[in-house]
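Below: one structure, written as C-alpha coordinates.
Chain naming here is simple, since letters A, B, ... match the order of the sequence lines and numbering starts at 1 in each. Side chains included, hydrogens not; waters and symmetry mates left out as well; all remaining heavy atoms used.
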Protein chains: 2
Amino acid sequence: MPQESLRPPQWPDDRVCSADQKGLVREMLTRIGDKWTTLVITTLARGPLRFSALLGEINGLSHRMLTVTLRALERDGLVTRTVYAEVPPRVEYTLTDLGVTLIAPLGTIVDWVEGHQGQVAASRAEFDA
Amino acid sequence: MPQESLRPPQWPDDRVCSADQKGLVREMLTRIGDKWTTLVITTLARGPLRFSALLGEINGLSHRMLTVTLRALERDGLVTRTVYAEVPPRVEYTLTDLGVTLIAPLGTIVDWVEGHQGQVAASRAEFDA
DNA sequence: CTGTATCCCGTTCGATACTG
DNA sequence: CAGTATCGAACGGGATACAG
(Lines give C-alpha, C1' and ligand atoms only; values in the text may rest on other atoms or scores of the structure.)
Protein backbone atom coordinates (compact mmCIF):
# COMPACT_ATOMS: atom_id res chain seq x y z
CA MET A 1 0.00 0.00 0.00
CA PRO A 2 1.47 3.26 -1.06
CA GLN A 3 2.00 5.76 1.66
CA GLU A 4 0.23 8.51 -0.10
CA SER A 5 -3.09 7.00 -0.97
CA LEU A 6 -5.05 7.21 2.19
CA ARG A 7 -3.12 8.93 4.79
CA PRO A 8 -4.79 12.14 5.88
CA PRO A 9 -2.40 14.75 7.04
CA GLN A 10 -1.54 13.97 10.60
CA TRP A 11 -0.60 17.07 12.41
CA PRO A 12 2.35 15.96 14.45
CA ASP A 13 3.30 19.28 15.93
CA ASP A 14 1.63 19.56 19.26
CA ARG A 15 3.46 22.76 19.92
CA VAL A 16 1.04 24.51 17.64
CA CYS A 17 -1.97 23.70 19.73
CA SER A 18 -0.51 22.53 22.97
CA ALA A 19 -3.45 22.98 25.25
CA ASP A 20 -6.43 23.13 22.91
CA GLN A 21 -7.75 21.42 19.82
CA LYS A 22 -6.80 24.02 17.29
CA GLY A 23 -4.74 21.39 15.58
CA LEU A 24 -7.77 19.30 14.84
CA VAL A 25 -9.77 22.32 13.82
CA ARG A 26 -7.09 23.34 11.42
CA GLU A 27 -6.74 19.83 10.14
CA MET A 28 -10.45 19.79 9.32
CA LEU A 29 -10.15 23.21 7.77
CA THR A 30 -7.35 21.88 5.66
CA ARG A 31 -9.54 19.01 4.59
CA ILE A 32 -12.49 21.26 3.89
CA GLY A 33 -10.31 23.68 2.05
CA ASP A 34 -8.45 21.23 -0.05
CA LYS A 35 -8.73 21.09 -3.70
CA TRP A 36 -11.79 18.90 -4.14
CA THR A 37 -13.46 18.06 -0.85
CA THR A 38 -15.92 20.92 -0.80
CA LEU A 39 -16.97 20.38 -4.37
CA VAL A 40 -17.57 16.71 -3.71
CA ILE A 41 -19.64 17.41 -0.60
CA THR A 42 -21.75 20.11 -2.18
CA THR A 43 -22.30 17.92 -5.20
CA LEU A 44 -23.37 15.00 -3.06
CA ALA A 45 -25.62 17.36 -1.12
CA ARG A 46 -27.98 17.21 -4.08
CA GLY A 47 -28.26 13.45 -3.75
CA PRO A 48 -26.31 10.20 -3.98
CA LEU A 49 -24.13 9.72 -7.02
CA ARG A 50 -22.00 7.02 -8.43
CA PHE A 51 -18.30 7.34 -9.04
CA SER A 52 -18.50 8.11 -12.72
CA ALA A 53 -21.31 10.61 -12.18
CA LEU A 54 -19.24 12.53 -9.66
CA LEU A 55 -16.34 12.47 -12.04
CA GLY A 56 -18.54 13.94 -14.72
CA GLU A 57 -20.09 16.60 -12.52
CA ILE A 58 -16.87 18.06 -11.20
CA ASN A 59 -14.82 19.56 -13.94
CA GLY A 60 -11.10 19.04 -13.80
CA LEU A 61 -11.28 16.36 -11.14
CA SER A 62 -9.08 13.43 -12.00
CA HIS A 63 -9.91 9.81 -11.54
CA ARG A 64 -7.27 9.34 -8.93
CA MET A 65 -8.04 12.42 -6.89
CA LEU A 66 -11.69 11.52 -6.70
CA THR A 67 -10.73 8.19 -5.20
CA VAL A 68 -8.38 9.82 -2.71
CA THR A 69 -10.93 12.46 -1.75
CA LEU A 70 -13.75 9.97 -1.33
CA ARG A 71 -11.62 7.68 0.82
CA ALA A 72 -10.74 10.54 3.12
CA LEU A 73 -14.40 11.53 3.41
CA GLU A 74 -15.38 7.95 4.03
CA ARG A 75 -12.78 7.61 6.73
CA ASP A 76 -14.03 10.74 8.44
CA GLY A 77 -17.56 9.36 8.40
CA LEU A 78 -18.87 12.04 6.09
CA VAL A 79 -19.65 9.82 3.13
CA THR A 80 -20.95 6.28 2.74
CA ARG A 81 -19.74 3.97 0.04
CA THR A 82 -22.25 1.41 -1.21
CA VAL A 83 -21.18 -1.31 -3.60
CA TYR A 84 -23.82 -3.12 -5.65
CA ALA A 85 -22.84 -6.60 -6.73
CA GLU A 86 -23.62 -6.13 -10.36
CA VAL A 87 -21.88 -6.35 -13.67
CA PRO A 88 -20.62 -3.85 -14.50
CA PRO A 89 -19.96 -2.79 -10.94
CA ARG A 90 -21.88 0.13 -9.51
CA VAL A 91 -20.80 2.13 -6.49
CA GLU A 92 -22.85 4.89 -4.96
CA TYR A 93 -21.65 7.61 -2.65
CA THR A 94 -23.99 9.25 -0.18
CA LEU A 95 -23.56 11.85 2.50
CA THR A 96 -23.93 10.40 5.97
CA ASP A 97 -26.01 12.17 8.61
CA LEU A 98 -22.77 13.62 9.85
CA GLY A 99 -21.90 14.74 6.36
CA VAL A 100 -25.25 16.44 6.00
CA THR A 101 -24.60 18.52 9.11
CA LEU A 102 -21.59 19.94 7.36
CA ILE A 103 -23.60 21.38 4.50
CA ALA A 104 -24.88 24.40 6.39
CA PRO A 105 -21.55 25.56 7.82
CA LEU A 106 -19.99 25.03 4.45
CA GLY A 107 -22.81 27.08 3.00
CA THR A 108 -21.96 30.08 5.17
CA ILE A 109 -18.47 30.09 3.73
CA VAL A 110 -19.68 29.64 0.17
CA ASP A 111 -22.18 32.44 0.70
CA TRP A 112 -19.48 34.68 2.05
CA VAL A 113 -17.31 34.09 -0.96
CA GLU A 114 -20.15 34.65 -3.37
CA GLY A 115 -21.18 37.77 -1.53
CA HIS A 116 -17.72 39.28 -1.32
CA GLN A 117 -15.87 38.03 -4.34
CA GLY A 118 -16.31 41.38 -5.98
CA GLN A 119 -14.54 43.15 -3.14
CA VAL A 120 -11.82 40.53 -3.11
CA ALA A 121 -11.32 40.79 -6.84
CA ALA A 122 -11.19 44.57 -6.65
CA SER A 123 -8.68 44.46 -3.86
CA ARG A 124 -6.49 42.13 -5.83
CA ALA A 125 -6.65 44.27 -8.91
CA GLU A 126 -5.52 47.27 -6.93
CA PHE A 127 -2.83 45.33 -5.11
CA ASP A 128 -1.41 43.95 -8.33
CA ALA A 129 -1.47 47.33 -10.02
CA MET B 1 13.78 33.08 -12.65
CA PRO B 2 11.90 30.63 -10.48
CA GLN B 3 10.56 33.52 -8.51
CA GLU B 4 8.00 31.48 -6.72
CA SER B 5 9.24 33.20 -3.64
CA LEU B 6 6.85 35.47 -1.88
CA ARG B 7 4.18 36.12 -4.39
CA PRO B 8 0.67 35.08 -3.39
CA PRO B 9 -0.92 32.46 -5.59
CA GLN B 10 -2.21 34.15 -8.66
CA TRP B 11 -4.97 32.09 -10.18
CA PRO B 12 -3.26 29.30 -11.98
CA ASP B 13 -6.14 27.30 -13.32
CA ASP B 14 -8.95 28.81 -15.28
CA ARG B 15 -9.63 25.46 -16.82
CA VAL B 16 -11.53 24.20 -13.84
CA CYS B 17 -14.10 26.93 -13.67
CA SER B 18 -14.10 28.46 -17.07
CA ALA B 19 -17.51 30.07 -17.06
CA ASP B 20 -18.73 30.09 -13.49
CA GLN B 21 -17.39 31.24 -10.18
CA LYS B 22 -16.92 27.90 -8.50
CA GLY B 23 -13.24 28.30 -9.08
CA LEU B 24 -13.13 31.43 -7.03
CA VAL B 25 -15.16 29.83 -4.28
CA ARG B 26 -12.79 26.94 -4.20
CA GLU B 27 -9.80 29.19 -4.36
CA MET B 28 -11.04 31.08 -1.33
CA LEU B 29 -11.75 27.80 0.42
CA THR B 30 -8.23 26.75 -0.36
CA ARG B 31 -6.93 29.95 1.11
CA ILE B 32 -9.12 29.62 4.17
CA GLY B 33 -8.09 26.03 4.61
CA ASP B 34 -4.41 26.50 4.12
CA LYS B 35 -1.91 25.97 6.80
CA TRP B 36 -1.89 29.35 8.51
CA THR B 37 -4.55 31.68 7.15
CA THR B 38 -7.29 30.80 9.60
CA LEU B 39 -5.00 31.01 12.57
CA VAL B 40 -3.79 34.44 11.49
CA ILE B 41 -7.32 35.74 10.97
CA THR B 42 -8.65 34.42 14.26
CA THR B 43 -5.62 35.79 16.04
CA LEU B 44 -6.07 39.20 14.47
CA ALA B 45 -9.76 39.02 15.34
CA ARG B 46 -8.74 39.81 18.91
CA GLY B 47 -7.08 43.01 17.81
CA PRO B 48 -4.25 44.46 15.73
CA LEU B 49 -0.85 42.96 16.17
CA ARG B 50 2.60 43.60 14.88
CA PHE B 51 4.61 41.13 12.89
CA SER B 52 6.69 39.82 15.75
CA ALA B 53 3.64 39.55 18.00
CA LEU B 54 1.84 37.41 15.46
CA LEU B 55 4.92 35.29 15.10
CA GLY B 56 4.96 34.78 18.82
CA GLU B 57 1.26 34.06 19.16
CA ILE B 58 1.11 31.38 16.52
CA ASN B 59 3.32 28.55 17.51
CA GLY B 60 5.13 26.78 14.74
CA LEU B 61 4.59 29.54 12.22
CA SER B 62 7.80 30.41 10.46
CA HIS B 63 9.05 33.83 9.62
CA ARG B 64 8.70 33.28 5.92
CA MET B 65 5.24 31.74 5.97
CA LEU B 66 3.88 34.57 8.08
CA THR B 67 5.05 37.01 5.43
CA VAL B 68 3.56 34.94 2.64
CA THR B 69 0.27 34.52 4.48
CA LEU B 70 -0.01 38.17 5.38
CA ARG B 71 0.74 39.26 1.81
CA ALA B 72 -2.01 37.03 0.50
CA LEU B 73 -4.47 38.37 3.06
CA GLU B 74 -3.44 41.90 2.27
CA ARG B 75 -3.87 41.32 -1.43
CA ASP B 76 -7.35 39.95 -0.85
CA GLY B 77 -8.26 43.01 1.17
CA LEU B 78 -8.72 41.11 4.40
CA VAL B 79 -5.85 42.63 6.29
CA THR B 80 -4.30 46.10 6.42
CA ARG B 81 -0.61 46.66 6.76
CA THR B 82 0.44 49.82 8.58
CA VAL B 83 4.07 50.86 8.67
CA TYR B 84 5.25 53.30 11.30
CA ALA B 85 8.32 55.29 10.33
CA GLU B 86 10.29 54.51 13.42
CA VAL B 87 13.54 52.94 14.36
CA PRO B 88 13.38 50.07 14.78
CA PRO B 89 10.58 49.67 12.26
CA ARG B 90 7.15 48.75 13.49
CA VAL B 91 4.42 47.24 11.33
CA GLU B 92 0.93 46.55 12.50
CA TYR B 93 -1.58 44.23 10.92
CA THR B 94 -5.30 44.77 11.30
CA LEU B 95 -8.35 43.04 9.96
CA THR B 96 -10.18 45.20 7.45
CA ASP B 97 -13.97 45.55 7.57
CA LEU B 98 -14.05 42.88 4.92
CA GLY B 99 -11.80 40.68 7.00
CA VAL B 100 -14.06 41.11 10.01
CA THR B 101 -17.04 39.83 8.02
CA LEU B 102 -15.16 36.59 7.56
CA ILE B 103 -14.93 35.88 11.26
CA ALA B 104 -18.52 34.69 11.66
CA PRO B 105 -18.59 32.24 8.74
CA LEU B 106 -15.23 30.93 9.87
CA GLY B 107 -16.75 30.51 13.28
CA THR B 108 -19.50 28.25 11.99
CA ILE B 109 -16.89 25.90 10.62
CA VAL B 110 -14.83 25.99 13.78
CA ASP B 111 -17.96 25.30 15.81
CA TRP B 112 -18.83 22.38 13.58
CA VAL B 113 -15.42 20.84 14.03
CA GLU B 114 -15.46 21.32 17.77
CA GLY B 115 -18.96 19.87 17.97
CA HIS B 116 -18.27 16.85 15.80
CA GLN B 117 -14.64 16.01 16.27
CA GLY B 118 -15.61 13.13 18.50
CA GLN B 119 -17.68 11.52 15.76
CA VAL B 120 -14.95 12.13 13.23
CA ALA B 121 -12.32 10.63 15.47
CA ALA B 122 -14.52 7.61 16.16
CA SER B 123 -15.15 7.10 12.47
CA ARG B 124 -11.47 7.23 11.75
CA ALA B 125 -10.66 4.76 14.46
CA GLU B 126 -13.16 2.31 13.05
CA PHE B 127 -12.04 2.85 9.50
CA ASP B 128 -8.41 2.29 10.38
CA ALA B 129 -9.19 -0.82 12.36
C1' DC C 1 12.34 44.66 13.70
C1' DT C 2 10.48 43.55 9.25
C1' DG C 3 11.07 41.63 4.94
C1' DT C 4 13.36 39.27 0.78
C1' DA C 5 15.96 35.70 -1.65
C1' DT C 6 17.98 30.75 -1.91
C1' DC C 7 18.36 26.31 -1.12
C1' DC C 8 16.27 21.98 -0.56
C1' DC C 9 13.41 18.19 0.70
C1' DG C 10 8.98 15.99 1.34
C1' DT C 11 4.38 16.02 -0.28
C1' DT C 12 0.86 16.53 -3.74
C1' DC C 13 -1.27 15.62 -7.85
C1' DG C 14 -1.96 14.64 -12.83
C1' DA C 15 -1.05 11.24 -16.53
C1' DT C 16 -0.84 6.78 -17.55
C1' DA C 17 -1.24 1.92 -17.41
C1' DC C 18 -3.14 -2.04 -15.31
C1' DT C 19 -6.70 -5.17 -12.51
C1' DG C 20 -11.20 -7.13 -11.09
C1' DC D 1 -17.25 0.76 -14.26
C1' DA D 2 -14.52 1.31 -10.18
C1' DG D 3 -10.23 1.19 -8.23
C1' DT D 4 -5.03 0.60 -7.69
C1' DA D 5 0.04 1.29 -8.80
C1' DT D 6 3.76 3.98 -10.39
C1' DC D 7 6.22 7.79 -12.04
C1' DG D 8 7.63 12.56 -12.70
C1' DA D 9 6.73 17.42 -12.41
C1' DA D 10 5.18 21.02 -9.48
C1' DC D 11 4.38 22.98 -5.16
C1' DG D 12 4.70 23.98 -0.17
C1' DG D 13 7.17 25.28 3.36
C1' DG D 14 11.24 25.16 6.75
C1' DA D 15 16.10 26.74 7.47
C1' DT D 16 19.12 30.02 6.54
C1' DA D 17 21.45 34.16 5.02
C1' DC D 18 21.05 38.73 3.96
C1' DA D 19 19.16 43.80 3.60
C1' DG D 20 16.69 48.14 4.83
Residues at least two apart in sequence or cross-chain that pass salt bridge (charged side-chain N to carboxylate O under 4.0 Å, His left out) with Glu126(B), listed by chain then number, are none

* Asked: Can you list the residues that meet the salt bridge (charged side-chain N to carboxylate O under 4.0 Å, His left out) rule with Arg90(B), with sequence neighbours excluded?
  ->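 With neighbours one apart ignored, the set is Glu86(B), Glu92(B).
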
Check whether Val83(B) and Leu54(B) end up in the same hydrophobic cluster, where Ile, Leu, Val, Met, Phe, Trp and Tyr are linked by side-chain heavy atoms less than 4.5 Å apart. yes

TODO: Could you tell me whether the side chains of Thr108(B) and Asp111(B) share a donor-acceptor contact shorter than 3.5 Å?
DONE: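 The criterion, which ignores hydrogens and geometry beyond distance, is not satisfied for Asp111(B) and Thr108(B).
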
Between dG3(C), dG3(D), dC1(D), which nucleotide has the shortest distance from any of its atoms to the side chain of Phe51(B)?
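Out of dG3(C), dG3(D), dC1(D), the nucleotide with an atom closest to Phe51(B)'s side chain is dG3(C).
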
Euclidean distance, atom [atom1] of residue [X] to atom [atom2] of [N] [Å, nearest integer]:
X: Leu66(B); N: dG14(D); atom1: CG; atom2: C1'; result: 14 Å
X: Leu55(B); N: dT2(C); atom1: CG; atom2: P; result: 9 Å
X: Tyr84(A); N: dA2(D); atom1: OH; atom2: P; result: 12 Å
X: Glu92(A); N: dC1(D); atom1: CD; atom2: P; result: 15 Å
X: Leu54(A); N: dG3(D); atom1: CG; atom2: P; result: 10 Å
X: Met65(B); N: dG3(C); atom1: CE; atom2: C1'; result: 14 Å
X: Arg64(A); N: dC7(D); atom1: CZ; atom2: C1'; result: 11 Å
X: Arg81(A); N: dA2(D); atom1: CZ; atom2: C1'; result: 8 Å

Please enumerate all residues that pass side chain to side chain contact (heavy atoms under 4.5 Å, CB included) together with Ala53(A), with sequence neighbours excluded.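 In terms of side chain to side chain contact (heavy atoms under 4.5 Å, CB included), with neighbours along the sequence ignored, Ala53(A) is linked to Leu49(A), Arg50(A).
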
Considering only residues two or more places apart or on different chains, which pairs with a residue in residues 75-109 of chain A satisfy ring-ring contact (aromatic ring centres under 6.0 Å, His included)?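 Those involving residues 75-109 of chain A do not exist here.
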
Does OP1 or OP2 of [N] have a side-chain N or O of [X] closer than 4.0 Å?
X: Arg71(A); N: dG3(D); result: yes
X: Ser52(A); N: dA2(D); result: yes
X: Arg50(A); N: dA2(D); result: yes

Sugar-phosphate only, base, or nothing, as touched by Tyr93(A) at under 4.0 Å among non-hydrogen atoms
sugar-phosphate

Does Ser62(A) reach a base, just sugar-phosphate, or nothing at all? Heavy atoms under 4.0 Å.
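Here Ser62(A) touches the backbone only, sparing every base.
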
Axis-to-axis angle for the helix from dC1(C)-dG20(D) to dG20(C)-dC1(D), ends of five pairs each, to 10°, equals 40°

### Task
Examine the base of dG3(C) for any acceptor or donor lying under 3.5 Å from a partner atom in the side chain of His63(B), and report the outcome as yes or no.
yes

Sorted by chain and number, sequence neighbours left out, ring-ring contact (aromatic ring centres under 6.0 Å, His included) with Phe51(A) holds for His63(A)

